[in-house]
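One is the number of the first residue; the rest follow in order along the sequence. Just so you know, these numbers use all the heavy atoms, side chains as well, and skip hydrogens, waters and symmetry mates.
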Amino acid sequence: MKKKLLTFLRRGLMEESYVVDIARTGEEALYKFDINTYDCIILDIMIPKGDGMYVCRTIRTKNTSIPILILTARHNIEDRVTGLDAGADDYVTKPFAYSELSARIRALIRRGKKS
């Protein structure tokens, strides 16, 4: 994700009282996942060093309950199906409305806490 979008997302999520970590590569995302506990993961599938689909599948093999939302510019039906089959719980394409993204995150976290 571009720096401007990351800054926008981080600011919006922090204003909603979320703690936000950012990983700029797939390797960094998996490392942070291994050492931290998260309520939800927002994942771009076009990240370097371990693409997002690989990251999603790897996280899913380690944790079947953590909500994963893919946020990406890739909007083809095949990409959406691949992302959901890789283990994502939701798939949002850019451009997006922040209010909808926020609502989807809240819904994913609610569902994750019911188990």
Side-chain angles (χ1 to χ4, degrees):
M1 255 183 249
K2 294 186 179 187
K3 187 175 181 176
K4 189 174 183 179
L5 179 57
L6 286 173
T7 301
F8 168 75
L9 285 175
R10 175 179 240 168
R11 184 179 309 123
L13 292 168
M14 290 176 74
E15 285 176 6
E16 294 185 57
S17 300
Y18 292 109
V19 176
V20 179
D21 282 343
I22 293 176
R24 299 195 190 284
T25 68
E27 290 174 351
E28 185 181 2
L30 291 172
Y31 173 74
K32 287 184 176 191
F33 176 77
D34 283 341
I35 65 170
N36 295 299
T37 302
Y38 296 104
D39 292 323
C40 184
I41 294 173
I42 302 171
L43 181 62
D44 189 340
I45 57 175
M46 295 190 299
I47 57 175
K49 296 184 183 179
D51 72 33
M53 294 298 187
Y54 171 78
V55 172
C56 186
R57 283 190 298 274
T58 302
I59 289 172
R60 191 52 74 216
T61 63
K62 296 178 179 187
N63 183 317
T64 59
S65 63
I66 189 164
I68 300 173
L69 183 147
I70 291 177
L71 177 61
T72 185
R74 292 174 63 179
H75 56 73
N76 295 334
I77 294 296
E78 296 82 17
D79 292 325
R80 293 179 198 189
V81 170
T82 300
L84 294 168
D85 284 346
D89 298 289
D90 202 354
Y91 193 106
V92 176
T93 58
K94 303 172 195 171
F96 61 92
Y98 181 81
S99 58
E100 180 184 1
L101 178 70
S102 177
R104 288 174 181 265
I105 291 167
R106 288 191 303 274
L108 287 171
I109 291 172
R110 266 194 319 270
R111 279 193 294 251
K113 290 184 178 180
K114 289 184 179 182
S115 51

Least distance between heavy atoms, [X] atom then [Y] atom:
X      : Y      : answer
Gly87  : Arg60  : O-NH2, 2.8 Å
Ala88  : Cys56  : N-SG, 3.5 Å
Glu16  : Arg106 : OE1-NH1, 3.6 Å
Arg104 : Leu69  : CB-CD1, 4.0 Å

### Query
What pairs with Lys49 under salt bridge (charged side-chain N to carboxylate O under 4.0 Å, His left out), at least two apart in sequence or on another chain?
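So Lys49 forms no salt bridge (charged side-chain N to carboxylate O under 4.0 Å, His left out) with any residue.
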
#### Entry: Residue list, salt bridge (charged side-chain N to carboxylate O under 4.0 Å, His left out) with Lys62, at least two apart or on another chain
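Salt bridge (charged side-chain N to carboxylate O under 4.0 Å, His left out) list for Lys62, sorted by chain: Asp34.
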
Is [Y] reachable from [X] through a run of I, L, V, M, F, W or Y residues, each pair having side-chain heavy atoms under 4.5 Å apart?
X     : Y      : value
Leu13 : Phe96  : yes
Leu5  : Ile47  : no
Ile22 : Leu101 : yes
Tyr98 : Ile42  : yes
Ile68 : Ile109 : no

Inter-residue atom distance [X].[atom1] - [Y].[atom2], 0.5 Å rounding:
X      : Y      : atom1 : atom2 : value
Leu108 : Asp39  : CG    : CG    : 11.5 Å
Asp90  : Arg111 : CG    : CZ    : 7.0 Å
Arg74  : Thr93  : CZ    : OG1   : 12.5 Å
Leu9   : Lys4   : CG    : NZ    : 13.0 Å
Arg80  : Leu84  : CZ    : CG    : 9.5 Å

### Query
With Tyr91, which of Thr82, Ile70, Leu71, Leu43 fulfils side chain to side chain contact (heavy atoms under 4.5 Å, CB included)?
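Of the listed options, the one satisfying the test is Ile70.
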
### Task
Run through Asp21, Asn63, Val55, Ile59 and flag the one making a side chain to side chain contact (heavy atoms under 4.5 Å, CB included) with Ile41.
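With Ile41 as partner, Asp21, Asn63, Val55, Ile59 yield a single side chain to side chain contact (heavy atoms under 4.5 Å, CB included), made by Ile59.
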
Take a 6.0 Å sphere around [atom1] of [X] and say whether it holds more than 12 heavy atoms from other residues, nucleotides or ligands.
X     : atom1 : answer
Tyr54 : OH    : no
Met46 : CE    : yes
Tyr31 : OH    : no

### Query
Apart from Val81 itself, what residues make up its hydrophobic cluster when side-chain heavy atoms of I, L, V, M, F, W and Y under 4.5 Å apart count as a link, directly or indirectly?
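Hydrophobic cluster check, Val81: joined to Ile77.
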
### Message
For a side-chain contact (heavy atoms from CB on, under 4.5 Å) check, start with the C-alpha distance between Phe33 and Thr58, then their side-chain angles and the critical distance, and finish with the verdict.
### Response
CA-CA 10 Å; Phe33 176 77; Thr58 302; over 6 Å; no

### Query
Got a donor-acceptor contact below 3.5 angstrom from the Asn76 side chain to the Glu78 backbone?
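No, Asn76 side chain to Glu78 backbone: no donor-acceptor pair under 3.5 Å.
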
### Arg10 side-chain N/O to Val20 backbone N/O, donor-acceptor pair under 3.5 Å
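Answer holds: yes.
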
### Query
Is there a salt bridge (Lys or Arg N to Asp or Glu O under 4.0 Å) between Glu15 and Arg11 once you walk through the steps?
CA-CA 6 Å; Glu15 285 176 6; Arg11 184 179 309 123; 5.2 Å; no

### Query
Just checking, any donor-acceptor pair under 3.5 angstrom between side chains of Arg57 and Thr61?
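Note: Arg57 and Thr61 side chains miss the donor-acceptor criterion.
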
### Query
Do the charged groups of Lys2 and Asp44 touch, with an N to O distance under 4.0 Å?
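Between Asp44 and Lys2 there is no salt bridge, as every charged N stays at least 4.0 Å from the carboxylate O atoms.
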
